[in-house]
2 protein chains.
Amino acid sequence: MSQNADAAQPHPKSRGAARRAMRRGPTIDDVAELAGVSRGTVSRVLNGARYVSPAALKAVERAVRTTGYTVNQSARSLVTKQSNAVAFVLSEPQERLFEDPNFSVLLRCCTQALAEHDISLILMLESSDAERDRVLRYVRGGHVDGVLLISAHSGDPLVADLARGVVPAVACGRPGGPESAIPYVAAEDTEGARQMTRHLVAQGRRRIGMIACPQVVGGPERLRGYRDVLGRRALKRLVVHTSDYSFAAGAAAMRELLAESPDIDAVFAASDLLAAGALAELRRAGRRVPDDVAVGGFDDSRIARETDPPLTTIRQPLERVAADMVDVLLRLIRREPASSRLLPTELVRRESA
Amino acid sequence: MSQNADAAQPHPKSRGAARRAMRRGPTIDDVAELAGVSRGTVSRVLNGARYVSPAALKAVERAVRTTGYTVNQSARSLVTKQSNAVAFVLSEPQERLFEDPNFSVLLRCCTQALAEHDISLILMLESSDAERDRVLRYVRGGHVDGVLLISAHSGDPLVADLARGVVPAVACGRPGGPESAIPYVAAEDTEGARQMTRHLVAQGRRRIGMIACPQVVGGPERLRGYRDVLGRRALKRLVVHTSDYSFAAGAAAMRELLAESPDIDAVFAASDLLAAGALAELRRAGRRVPDDVAVGGFDDSRIARETDPPLTTIRQPLERVAADMVDVLLRLIRREPASSRLLPTELVRRESA
DNA sequence: TTGAAAGCGCTAACAA
DNA sequence: TTGTTAGCGCTTTCAA
């Protein structure tokens, strides 16, 4: 109590001095002493509180509160071999993705969902080779309990590692290549694309082009959906491929489409950003939207409401994608069964089509 | 060498069995054994390599490589009391900020800069009270070596903690309130606003309005710069306040401005997003930009190039802001002196003004 | 320049 | 239900 621990125990056994010098908080021993129980009991209440008498429980809880105790994660991890952290890795030149409003909501929702489980999100980029190496070492080193993989590229050694089960992982969108050993969560891209294409057809549009992006997650499915509905009307010259989901790529693609097929009367862009670029190009070319040409997007991201005219688009339930990714990952970490999930999309009608 | 450690040492001293059961990587002892040196020597080469003979150094390096050893951060942290991680905390209802393209580049650049120092970035949101609590506990618990504070709000208990030096911290933009005990990195907002306002004046604009956002980081300075240049010409009815840097707020503000001052011939918006909203509203109102009214933004974010017409704006060197934040934080962590930094802005002329 | 040994704070197995 | 104890893998004195 009023005893001075330093004076009483000048021996190395006295932990107090060193700790205080380090300006660290109270340890489990401090709590135990104050609560008048053993360290083991404190540990038990900290984890689940099984086999603890109500009296002990109360005493410990009080002691925790009055000391302001927080567990030392490092010490805990050292023994449990769990870090209580997961990596959120962007396995693609990130500039592109960081530009995408979808990415932000994914990141935000994942962070939130993890926080509810007291798990930290560690953001890692994989753009340069050096970064790739670092991520690989980090994951292999067991620094995280799991990985949220954002834009999986099948050539990535990390993807190979994860497919081999080095550490639990969940991808956003079906990872390319045969490595679909990694479970994933995604929107029903194919069906979404069908919804949009059907909508365009129902509007009486005859020459419906597509700005596709088959290299990027979700891209192949969206192109397939378009083709499913149009069949032979999906003329080769009506679909142009871009290498990413950017505004600039959308504008360039639209220009090409206009040059190849001046009689085009509708365009389905594989993402809202692409559609926004197309819109800009159409205005430049003097075509009215939707009067001359209708434009459909995909995502229902923020920009869909900010373009002129606002975009008719396919809503992807990204908040749910994020929540489900976290849910699946946590199950995997707990070694519970969990598998890929596909979430439904929805047509959102605005003014562009 | 070819000895089987398990067979040779059936005693508890044999760490091999337990480790292997856990599917963990090699430990420092494995490296030491393979290199034929003691654990202490391995540790020395791992950290700085002082007082190590060239022979030992080489042997250890080889052993590290062949075993694929990675240090166990938890074990290291337990003794060094350093986590090698910093928190990136968003101390504001995040939806707003996540919507802001500036935020993305800040996050990306900070992650990159930290990765170069092998430090992880832990993303934390502070929107709900529960989250606020969690962040506070986390930081106080010593889980991170430092904090990058994104949108400091003076009422925040975390800000108070950080100002008291609980853990090193750097803010982005001057933290509101008297808590400027926290060093910060920011653009020269005031001067930037002056540049834009002078530009508008030089264009012969007579009635120059402003869409200001004095509640948010950088906002007060930008408003001051506008007033510095305009003096008494900064009529009350020419400046409207918004509560955030969003597209919607920009549109609403522009509507108000148009209603109050139909003769307005220029607008300086405190952010590009705000300017984009204003542009949309102007088009709706049938005003041509820049012919009827010139529009100036602030940030030079991605959208400045995507609006119609592209925005004339003030470039904020966000990549450098991020790099400097990390630099200052690392100095602080190393207990080196470091103080706030202000970075120069630049006028970028496009078509809107 | 090196090795031995003492912990860092915690969990988990075991005995009581 | 509880206390005791043996490590988790590492850094860091301290001697040698």
Side-chain angles (χ1 to χ4, degrees), chain A residues 11-33 35-60 64 67 69-84 141-143, chain B residues 11-33 35-60 64 67 69-84 141-143:
Chain A
H11 296 301
K13 274 267 175 175
S14 162
R15 295 171 158 171
R19 185 162 41 69
R20 233 163 279 130
M22 280 301 179
R23 305 204 131 279
R24 289 329 231 58
T27 76
I28 200 173
D29 288 306
D30 298 323
V31 175
E33 188 181 341
V37 300
S38 78
R39 188 203 333 203
T41 300
V42 176
S43 179
R44 259 169 242 126
V45 350
L46 258 33
N47 310 280
R50 298 185 62 76
Y51 301 111
V52 178
S53 66
L57 178 61
K58 239 182 79 178
V60 171
V64 165
T67 54
Y69 170 80
T70 321
V71 2
N72 179 321
Q73 236 326 128
S74 304
R76 174 180 282 176
S77 293
L78 189 52
V79 20
T80 61
K81 271 108 180 63
Q82 286 247 338
S83 64
N84 270 337
H143 292 292
Chain B
H11 296 300
K13 273 270 173 175
S14 162
R15 295 171 157 172
R19 183 161 42 68
R20 232 163 280 130
M22 281 299 180
R23 306 205 131 278
R24 291 327 230 59
T27 75
I28 199 172
D29 288 305
D30 299 322
V31 176
E33 188 179 341
V37 299
S38 78
R39 189 209 322 209
T41 299
V42 176
S43 179
R44 262 169 238 126
V45 349
L46 257 34
N47 312 277
R50 298 184 63 76
Y51 300 110
V52 178
S53 67
L57 179 62
K58 239 183 78 179
V60 171
V64 166
T67 54
Y69 171 79
T70 321
V71 356
N72 179 321
Q73 243 315 136
S74 304
R76 175 179 280 176
S77 292
L78 189 52
V79 22
T80 62
K81 271 105 181 64
Q82 287 246 338
S83 64
N84 271 338
H143 293 291

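In the text below, chain A, chain B and the rest are named by the order of the sequence lines, each starting its count at 1.
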Looking at D/dC8, I'd like to know if its phosphate oxygens (OP1 or OP2) sit under 4.0 Å from a side-chain N or O belonging to B/Asn72.
no
From CG (B/Leu78) to OG (B/Ser83), nearest 0.5 Å:
13.0 Å
Within a strict 4.5 Å, meaning less than it, do heavy atoms of the B/Val71 and B/Ile28 side chains meet?
no
Separation of D/dA15 atom P from B/Tyr51 atom OH, nearest Å, is 17 Å
Quick one: B/Gln73 CD to D/dC8 C1', roughly how many Å, whole number?
15 Å
Measure from the side chain of B/Lys81, starting at C-beta and using heavy atoms only, and say which of D/dA6, C/dG3, C/dC8 lies closest.
C/dC8
Could you work out which one of D/dG3, D/dC10, D/dG7 sits closest to the side chain of B/Arg39?
D/dC10
Roughly, in whole Å, what's the span from CG in A/Asn47 to C1' in C/dC10?
9 Å
For A/Arg50 and D/dT2, give me the distance from atom CZ to atom C1', rounded to whole Å.
16 Å
Looking at D/dG9, C/dC10, C/dG3, which one has an atom nearest to any side-chain atom of A/Ile28?
C/dC10
Specify the residue among B/Leu78 and B/Val37 whose closest nucleotide of DNA chain C lies further upstream toward the 5′ end.
B/Val37
OP1 or OP2 of D/dG9 versus the side-chain N and O atoms of B/Thr27: is any pair under 4.0 Å?
no
If you only use heavy atoms from C-beta on, which nucleotide in C/dT11, C/dC8, C/dT2 is closest to the side chain of B/Arg44?
C/dT2
Should A/Tyr69 be listed as having a side-chain N or O under 4.0 Å from OP1 or OP2 of C/dC10?
yes
Nearest-Å distance for atom pair CD/P, residues B/Gln82 and D/dT12:
10 Å
Choose from D/dT11, D/dG3, C/dC10 the nucleotide whose nearest atom is closest to any side-chain atom of B/Thr80.
D/dT11
When rounded to the nearest 0.5 angstrom, what distance separates OG1 in A/Thr27 from CD in A/Glu33?
9.0 Å
Do B/His143 and A/Asn84 come close enough that some side-chain heavy atom pair is under 4.5 Å?
no
Return the nearest nucleotide to the side chain of A/Arg76; candidates are C/dT2, C/dT11, D/dC10.
C/dT11
For the side chain of B/Thr41, counting heavy atoms from C-beta on, which of C/dA12, C/dG3, D/dG9 is nearest?
C/dG3
Going by heavy atoms in the side chains, are A/Val60 and A/Arg44 under 4.5 Å from each other?
no
Remember a base hit wins even if backbone is also touched, and classify B/Ser53 as base, sugar-phosphate or nothing at under 4.0 Å, heavy atoms.
sugar-phosphate
